[in-house]
Amino acid sequence: MNNVELAQTFEKIADLLEIKGEVIYITLAYRRAAESLRILGQEADTYRATQPLTSIPGIGKAIAEKITELLDTGKLGFLEKLEAEVPVSLLEILEVPDVGPKKVALFWKQASITSLNELEIAAQERQLRSLPGMGEKSEQRILEGIAALRRRSHRMTLGVARPIGLRWIEWLRAQPCVLQAEFAGSLRRWRSTIGDLDLVAACEDPSALMAAFTGHPDVERVLGQGENKSSIELKSGLKLQLWIQPAANFGSLLQYATGSKEHNVRLRELALKQGWSLSERGLTSPDGKLVSYPDEESLYQALGLLWITPELREDRGEIQAALAGKLPALLHTSALKAELHSHTTWSDGVSSIREMAEAARQRGLKVLAITDHSASLGIAGGLKAEDLLKQRVEIDQVQKELGSDILLLQGSEVEIKADGTLDHPDEVLARLDIVIASLHVSLRQPRKEITERLLKVMRNPHVDIIGHPSGRLLPNREGADLDMDAVLTSAKEHGLALEINANPARLDLDEVYARRAAEMGIPLTINTDAHSSTDLDLREYGVSVARRAWVEPEGVINAWPVEKITVWLKSRGRK
DNA sequence: GCCGTTTTCGGCCCGACTGTTTTCAGTCG
């Protein structure tokens, strides 16, 4: 059982216990443990070989025993007993918006409803309104909720959400009373996928702004409307929330709406220890006096903290670090000097070598590696060995024309074939300036097989970088079922670099393994995998992964001085 | 169920909004 499966098991336990009516803090403990496992960056099975599971935050004696049972037997007696008490099909009802554990228990115990279909029929037949605490409106809301659930649009990638968020900010700032407006939530934290869009505004006439918001022409339904907070569903299915506060309190509001929820909980606990109570309205002193904060910096400062960049606000140690004055010095896009993964018209790119080089130079890059696909990736027009010789001539020519402003490297993104061999023979790889090996096909191989396939490639001394290691495609296609512990260990052993692919549909390595890799001292490389010159602007998405992974500039090859990059390549046997 | 520069027991974040209610419970973020 891997960490994701363990986490899902504990989330299921939490849901079932909540419906059962267990004390809320017990369910919270299971959820916290699940999250800890998700971000561990090392399989629990490997972890326990060197240190006790109870050293993981949020995991104590009871949950550690359950993990051990799951790892050793694949089963959990506690869960089996629980499932015999609480029907698992109730969990699908829990997904309905505005239906929580209390309502689920009510439907189950008082109306014998145990599935989504039964709930829908009962609502259609007007049987729910007679239950205690229910009425006509609640019944209608449940029918709407079921419909919303069925047409639910899945999470968006960051690359889709950012332009939408920016347009809404523009709209907000154009409204008459608005003094400040930002997007908040997971979009501001640069999470790789985004569910709903959270917006905040400072405005002295909130009711007018709320009316404009809920009356926007793109609105399909108004989900809620109040003085300080409203939420809408657009015709596209996207949900938006808007919070409004006076400008004097914009910092508290922005902080609150940015989250994450877990970060905010920790922050409030910290405030409480210092005798304050924290909310989106500001800090309340023990004698009930409310203090507002116009910006986030002053709010964090009031709690004795350095300002924490939104990317770190996930309750992964950032508050302790800020208290100790030891926040990481994170990477900025402007620090990137190199792009080591790009495609041109020689394979499936749309820009020429010259256009790519010019675009890279304009963006302040000092190194550009041209890494077109290898032959077997037929769909991408991959290059054969003889094509590489011809391409080298063109690269040399462009290099001569552009002079020393930018260093062009000839590389290849070599296909890792299903049997674990590479698409070019070693003598061809040896002639190149840099080699990326990537998985594109047969990603569904069983864990053992696909891990061994990748490890075999990593042992080849002519491979410098593993491109987008998992092969995932956001928001929906899972990556390969790799044993990442083994992959990271091998990268460390062979001095290989692992890529953080900056394409918002990839962001692969993800932040969990990027953090682990950096801790292990494995060099990371942030590349856009550009298929056009404008794709070079995707660098900021890759940087966001590194930032969320606490990676500092020294850990990223692209942020090294050019001389250090060439020294690294030489150390790998490149000329 | 977890955790400890107040505590190994007794705490564990906070407010807005909705609907059903005459003061509050449930849900959400």
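Just so we're on the same page: letters track the sequence lines, and every chain starts at 1.
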Inset, instruction - Check whether any side-chain nitrogen or oxygen of A:Y30 sits under 4.0 Å from OP1 or OP2 of B:dG1, and answer yes or no. - result: yes
Inset, instruction - Starting from P on B:dG1, measure out to CG on A:L79 and report it in whole angstrom. - result: 14 Å
Inset, instruction - Decide yes or no for A:M210 and A:L242: does some side-chain heavy atom of the first lie under 4.5 Å from some side-chain heavy atom of the second? - result: yes
Inset, instruction - Identify whether NZ of Lys or CZ of Arg in A:R162 sits under 6.0 Å from the centre of the six-membered ring of A:W190 and within 45° of that ring's axis. - result: yes
Legend entry - Enclosure of A:Q124 CD (heavy-atom neighbours >12, cutoff 6.0 Å): yes
Inset, instruction - Please report, rounded to the nearest Å, how far the P atom of B:dA25 is from the CG atom of A:L106. - result: 15 Å
Inset, instruction - Check every strand shown and say whether A:R32 touches a base, only sugar-phosphate, or nothing at a heavy-atom separation below 4.0 Å. - result: nothing
Inset, instruction - Check every atom of B:dG26, B:dC2, B:dT6 against the side chain of A:K102 and return the nucleotide holding the closest atom. - result: B:dG26
Legend entry - Base-pairing mate for B:dT8 - Watson-Crick or G-U, with both contacts under 3.5 Å: none
Legend entry - Exercise: do A:R547 and A:T309 side chains pair donor with acceptor under 3.5 Å: yes
Inset, instruction - Could you work out the separation of B:dT23 and B:dG19 based on their C1' atoms and round it to a whole Å? - result: 13 Å
Inset, instruction - Would you classify A:E136 as touching base, sugar-phosphate or nothing, given that sugar-phosphate means primed atoms plus P, OP1 and OP2, and contacts are heavy atoms under 4.0 Å? - result: sugar-phosphate
Legend entry - Close side-chain approach of A:S230 and A:I244, heavy atoms under 4.5 Å: no
Inset, instruction - Check whether any side-chain N or O of A:S138 sits under 4.0 Å from OP1 or OP2 of B:dT20, and answer yes or no. - result: yes
Inset, instruction - For B:dT8 versus B:dG1, give the span between their C1' atoms, rounded off to a whole number of Å. - result: 14 Å
Inset, instruction - Check the angle between the aromatic planes of A:W171 and A:F213 and answer parallel, tilted or perpendicular using the 30° and 60° thresholds. - result: tilted
Legend entry - Partner of A:K75 by side-chain contact (heavy atoms from CB on, under 4.5 Å), out of A:T73, A:D72, A:L79: A:T73
Legend entry - Separation of B:dC14 C1' from A:R266 CZ (nearest whole Å): 15 Å
Inset, instruction - Give A:I63 one of three labels, base, sugar-phosphate or nothing, depending on what nucleic acid heavy atoms sit under 4.0 Å from its own. - result: sugar-phosphate
Inset, instruction - Verify the distance criterion only: is there a donor paired with an acceptor across the side chains of A:N264 and A:Q255 at less than 3.5 Å? - result: yes
Inset, instruction - For B:dG11 and B:dT6, measure between their C1' atoms and round to the nearest Å. - result: 12 Å
Legend entry - First of A:T284 and A:K61 reached from the 5' end of DNA chain B, by closest nucleotide: A:K61
Inset, instruction - Using a heavy-atom cut-off of under 4.0 Å over every strand shown, decide if A:V99 touches base, sugar-phosphate, or nothing. - result: sugar-phosphate
Inset, instruction - For A:L267, answer base if it contacts any base atom (sugar-phosphate contacts may also be present), sugar-phosphate if it contacts only those atoms, and nothing otherwise; contact means non-hydrogen atoms under 4.0 Å. - result: nothing
Inset, instruction - Check every atom of B:dG29, B:dG1, B:dG19 against the side chain of A:A62 and return the nucleotide holding the closest atom. - result: B:dG1
Inset, instruction - Using the closest heavy atom to pick a nucleotide of DNA chain B for each, name whichever of A:E280 or A:P97 lands nearer the 5' end. - result: A:E280
Legend entry - Closest nucleotide among B:dT6, B:dG19, B:dG1 to the A:K273 side chain: B:dT6
Inset, instruction - Name the nucleic acid region contacted by A:P132, choosing base, sugar-phosphate or nothing; use a 4.0 angstrom heavy-atom cut-off, strictly under. - result: nothing
Legend entry - Proximal nucleotide (of B:dG19, B:dG1, B:dA16) relative to the A:R141 side chain: B:dG19
Legend entry - Interatomic distance, A:Q241 CD vs B:dC17 C1' [rounded to whole Å]: 11 Å
Legend entry - Donor-acceptor pair present, A:Y256 side chain and B:dG29 base, under 3.5 Å: yes
Legend entry - d(OH, A:Y25; C1', B:dG11) in whole Å: 8 Å
Inset, instruction - Under 4.0 Å between any heavy atoms, over every strand shown, what does A:L272 touch: base, sugar-phosphate, or nothing? Just pick one. - result: sugar-phosphate
Inset, instruction - Compare side-chain N and O positions of A:K66 against OP1 and OP2 of B:dG1 and report whether any pair is under 4.0 Å apart. - result: yes
Inset, instruction - Look at the side chain of A:K103 and decide which nucleotide, out of B:dG29, B:dG26, B:dT6, has an atom nearest to it. - result: B:dG26
Inset, instruction - Grab the CZ-P distance between A:R129 and B:dT18 for me, whole Å please. - result: 21 Å
Inset, instruction - Could you tell me whether A:S277 contacts a base, only the sugar-phosphate backbone, or nothing, with contacts defined as non-hydrogen atoms closer than 4.0 Å? - result: sugar-phosphate
Inset, instruction - Take atom C1' in B:dT7 and the same atom in B:dC2, then report the distance between them in whole Å. - result: 14 Å
Inset, instruction - Mind checking A:D196 for me? I need base, sugar-phosphate or nothing, with any heavy atom below 4.0 Å counting as a touch. - result: sugar-phosphate
Inset, instruction - Nearest whole angstrom, please: distance from the C1' of B:dC28 to the CG of A:L94. - result: 13 Å
Legend entry - Euclidean distance, atom CD of residue A:E22 to atom P of B:dG1 [Å, nearest integer]: 7 Å
Inset, instruction - Using the P atoms only, state how far B:dC12 lies from B:dT18, rounded to an integer number of Å. - result: 29 Å
Inset, instruction - Sticking with atom P, work out how far B:dT20 lies from B:dC28, rounded to a whole angstrom. - result: 16 Å
Legend entry - Between B:dT21 and B:dG15 - P atom distance, rounded Å: 27 Å
